[in-house]
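Down below is the structure, laid out as structure tokens.
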Amino acid sequence: MSKQQQSLFDDEPAEWEVDAQSQRLVATIVLGEGATGEYDYLVPDTLSDRGDYFLEVGRRVRVPFGRSNRKVVGYCVTLETKLVDAARLKLVAEVIDASALLSPAMLRLTRWMADYYLCKWGEVLEAVVPAGVRLLAGTRKVTLLSVPEDVRDTLGQLKLGSPQQRKALAHLAASERSLTTAQLADAVGCTAGPIKQLLKRGLIEAHEKRVRSSELDETIVERESPLVLNEDQQHALDAIDAALESGKPRGMVLFGVTGSGKTEVYLQAIERVVGYGRQAIVLVPEISLTPQTVRRFRARFDGVAVLHSHQSHVERHREWQRIARGDVQVVVGARSAVFAPTPNLGLIVMDEEHESSFKQDSAPRYHARDVAWQRAQAEGIPLVLGSATPSLESWYKTEQGEFARLDLPRRVSNRPLPDVLTVDLRDPAHTRFSRGAISRPLHQAMVAALRDEGQVILLLNRRGFATHVQCPACGYVAECPACDLSLTFHRQESILRCHYCDHHEPPPVNCPDCKSPAIRYGGMGTQKLEAEVRARFPEHTCERMDTDSMRKAGSHQRVLDKFCQGEIDILLGTQMIAKGLDFPNVTLVGVINADTALHLPDFRAGERTFQLVAQVAGRTGRGEKGGRVLVQTLSPEHMAIRAAVRHDFEMFAEEDLATRRQLCYPPFGSMIRILVRGPQEETAQAVAEGLTQRLRQETTGEEGVRIMGPAAAAIPKLRDHYRFQIQLQAPTLDPLRSAVTGATAKWKVPTGTFLAVDVDPWDMM
DNA sequence: AGCACGCCGACT
DNA sequence: GTCGGCGTGCTC
């Protein structure tokens, strides 16, 4: 496994040393950062198997490295007794972990990732083991309250000052375990005051205890029993069941429109898995990982662990340990939860499989779906991919018979899908009515929906007020000095902001170039739309939801709750409202501009547009009143929009796949994207050109390999870095991977210039 | 990533 | 003559 041993010494070994080989226990170590490669070390007897800190595969160690023997952290990936020249190996200095962080299977998975995604094994290992676990994030002291024995005995005869004190004391005496002040106050419905009084009078006592900091937030959730499945759901469940029992890996696409009851199928499949004494991992997009989602699982299973990026180190450490101990039946989490250290995994579910947040956009640039499939294959378990609009990669796999397809064609209780109509924005009859964002048909539909006491959702995928600030006299456009992108005007703060970096500046009073005072605030953002809606419907309540208005923690939930209770008539916002929950009273959804993603230089532009329209359309027609969707567009004849209007995913998939087949785009071919960036345009471009040349050399004679570029990236300058991209395509990934490895192996880019290699890229900007 | 080795310019 | 510039290569 490790590279051939090279001499540690410059001079040749003396003759008697040549045969100085002996059987020794050797650990192969991969460094967490720094040098790539695998290095052999001798394991001293003290670390071989005594005490807690003995060495085993999957634990971390500190080893002397380099001429200066500085101590570096590495992962033990193999441990074996073999014939080595002991004099040429150094010794492992220290074992860091009291237990293995990675099982042999997980080590193999990370190794596969490093090979597949062309990154360092150490880099993958550091991404797989959360920082909180690596840092052994800590514990915290809490003050716990209890009732002393002597008080408990005389409880009946006590004279108490206040009813609050009496209630608190009674509750604490009846409680099985000690409580904190906050917990007791919460349970009784009083403040800390009466409890302090009780403490002062010695009726309750306090003692300090060292606990894991987050042990306290265990919420008790009311249990729910399984729902009765309809015929389609039962069919899907049976198929998953059969796959579970086969003990073989099986990829399955659960294809169901929004509201068709996919989650209930997951829940009951997980029940079977738990019944076998195994664990399940449920992967959901970051944005859907809300308290409600988690509650839904907590209501059905005892041990539910949650993993996501907004947790503290301590919380994540605690969840990881619970999972590793086998205390958890279900792991619910975002992308990185695919690495959860479940001891006996039985099933992986990925909900909203098409979501882009499953692809990590920094190294290691893995896609959780593909890693999950790799893991499922290694463990011989099913992988269920749920979506109303599956990725064409997964869909194609079902057509090829590689994945099974499970259909949930009907919404539960057979509600029809909403009518979807397009509004052609090129038609002057629709827009003559106003210069704003809302066309005449949409306005009329809103009036009608609100009159019938329905609620309205409006989707606009651009935040801010005006998306470009321009001088009509000379054509000057306010641009970010660091990014070469136009600045967006935010009216609330009265500021121009770059949406790609932190730059912001006050809006100009006069044009900086020609001094004209007539600056125009063009382009429609959610803030401007909000102003227009409020002006048009002054008698109705309206709320805006985008990353600007949702800065504060919990505000997202607060708005959704208000909307659900009918306190808001019109909800408008960006993507994030397209992925909300079930709102039965929404009778109209308006898509302000369906074209925003349609003309981006990205082969998935159509797919994204279809998904967006289909998703937001799913927000309506969930109640008795039914619902309709109006899609405003300049390209009503575009296939993605026509298909979305008809709720016809299969038509969309068929046509888009045909186009991709012609152009050899995924899933018919593989793609690697390389981004070169640096602070000097000439250097970055020269590096990109040099790299392209090497790539062409590496691929001469290879069949069907295409190398495009270098070209300026879709965002040519970002955060003061100039960006150039190279796109590689071929029918299979292997020649591309070896070309990139060959072209970059012994090649050092100038300092300050960076390469990002993205295998199976998702983001083409 | 760090650290040493190495082969060229301005200083005691 | 030497001190030190950072290019190149290696680390078990």
Side-chain angles (χ1 to χ4, degrees), chain A residues 1-14 17-48 55-96 107 110-111 114 117-129 131 134-135 362-364 677-680 682-684 686-687 690-691 694 741-757:
Chain A
M1 177 161 275
S2 80
K3 287 183 204 161
Q4 189 159 18
Q5 296 291 306
Q6 286 154 13
S7 176
L8 273 182
F9 310 101
D10 294 324
D11 50 331
E12 282 298 305
E17 283 178 321
V18 171
D19 292 310
Q21 304 258 324
S22 57
Q23 290 283 339
R24 300 292 292 270
L25 185 60
V26 173
T28 307
I29 306 299
V30 172
L31 305 187
E33 49 193 16
T36 52
E38 296 155 36
Y39 301 95
D40 282 352
Y41 283 85
L42 294 176
V43 183
D45 290 342
T46 49
L47 298 179
S48 55
L55 186 51
E56 67 178 328
V57 168
R59 294 200 199 197
R60 288 172 308 156
V61 293
R62 248 181 274 279
V63 289
F65 192 72
R67 283 172 214 264
S68 62
N69 281 331
R70 74 203 153 89
K71 296 286 188 292
V72 296
V73 175
Y75 294 77
C76 176
V77 296
T78 46
L79 194 60
E80 58 183 338
T81 302
K82 61 179 177 187
L83 202 60
V84 289
D85 187 349
R88 301 193 162 170
L89 298 184
K90 295 177 184 176
L91 276 86
V92 172
E94 188 192 345
V95 175
I96 297 172
L107 282 171
T110 54
R111 176 61 191 268
Y117 292 107
L118 298 167
C119 54
K120 301 179 194 173
W121 194 356
E123 197 168 38
V124 178
L125 291 166
E126 296 276 285
V128 164
V129 181
R134 295 199 309 265
L135 300 166
S362 59
R677 64 178 175 89
Q680 282 131 26
E682 302 75 30
T683 316
V687 168
L691 179 59
R694 295 167 144 268
T741 312
T744 55
K746 297 192 87 182
W747 189 56
K748 233 180 118 186
V749 296
T751 36
T753 311
F754 300 91
L755 280 190
V757 177

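Throughout, protein chains are lettered first and strands after them, A, B, ... in sequence-line order, and every chain is numbered starting at 1. On a predicted model such as this, the values are computed, not experimentally measured, just so you know.
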Between [atom2] of [N] and [atom1] of [X], the distance in whole Å:
X: Arg70(A); N: dA4(B); atom1: CZ; atom2: P; answer: 11 Å
X: Arg67(A); N: dG2(B); atom1: CZ; atom2: C1'; answer: 12 Å
X: Asn69(A); N: dA1(B); atom1: CG; atom2: P; answer: 21 Å
X: Glu80(A); N: dC12(C); atom1: CD; atom2: P; answer: 19 Å
X: Lys748(A); N: dG2(B); atom1: NZ; atom2: C1'; answer: 11 Å
X: Glu123(A); N: dA1(B); atom1: CD; atom2: P; answer: 10 Å
X: Asp85(A); N: dC12(C); atom1: CG; atom2: C1'; answer: 12 Å
X: Asp40(A); N: dC12(C); atom1: CG; atom2: P; answer: 11 Å

Option passing side-chain hydrogen bond (donor to acceptor under 3.5 Å, both in side chains) with Tyr75(A) (candidates Glu126(A), Arg60(A), Arg59(A)):
Glu126(A)
Is there a side-chain contact between Tyr41(A) and the phosphate of dC12(C), meaning an N or O under 4.0 Å from OP1 or OP2?
yes
Closest non-hydrogen atom pair, Ala743(A) against Leu691(A)
CB-CD1, 4.2 Å
Students often get this wrong, so: under 4.0 angstrom with heavy atoms, is Phe65(A) touching a base, only sugar-phosphate, or nothing?
base
Apply salt bridge (charged side-chain N to carboxylate O under 4.0 Å, His left out) to Arg111(A) and Glu38(A), showing your working.
CA-CA 12 Å; Arg111(A) 176 61 191 268; Glu38(A) 296 155 36; 3.5 Å; yes
Indicate whether the side chain of Thr110(A) and that of Trp121(A) have a donor and an acceptor atom separated by less than 3.5 Å.
yes
In terms of side-chain heavy atoms of Tyr39(A), which of dC3(B), dT8(C), dC12(C) is nearest?
dC12(C)
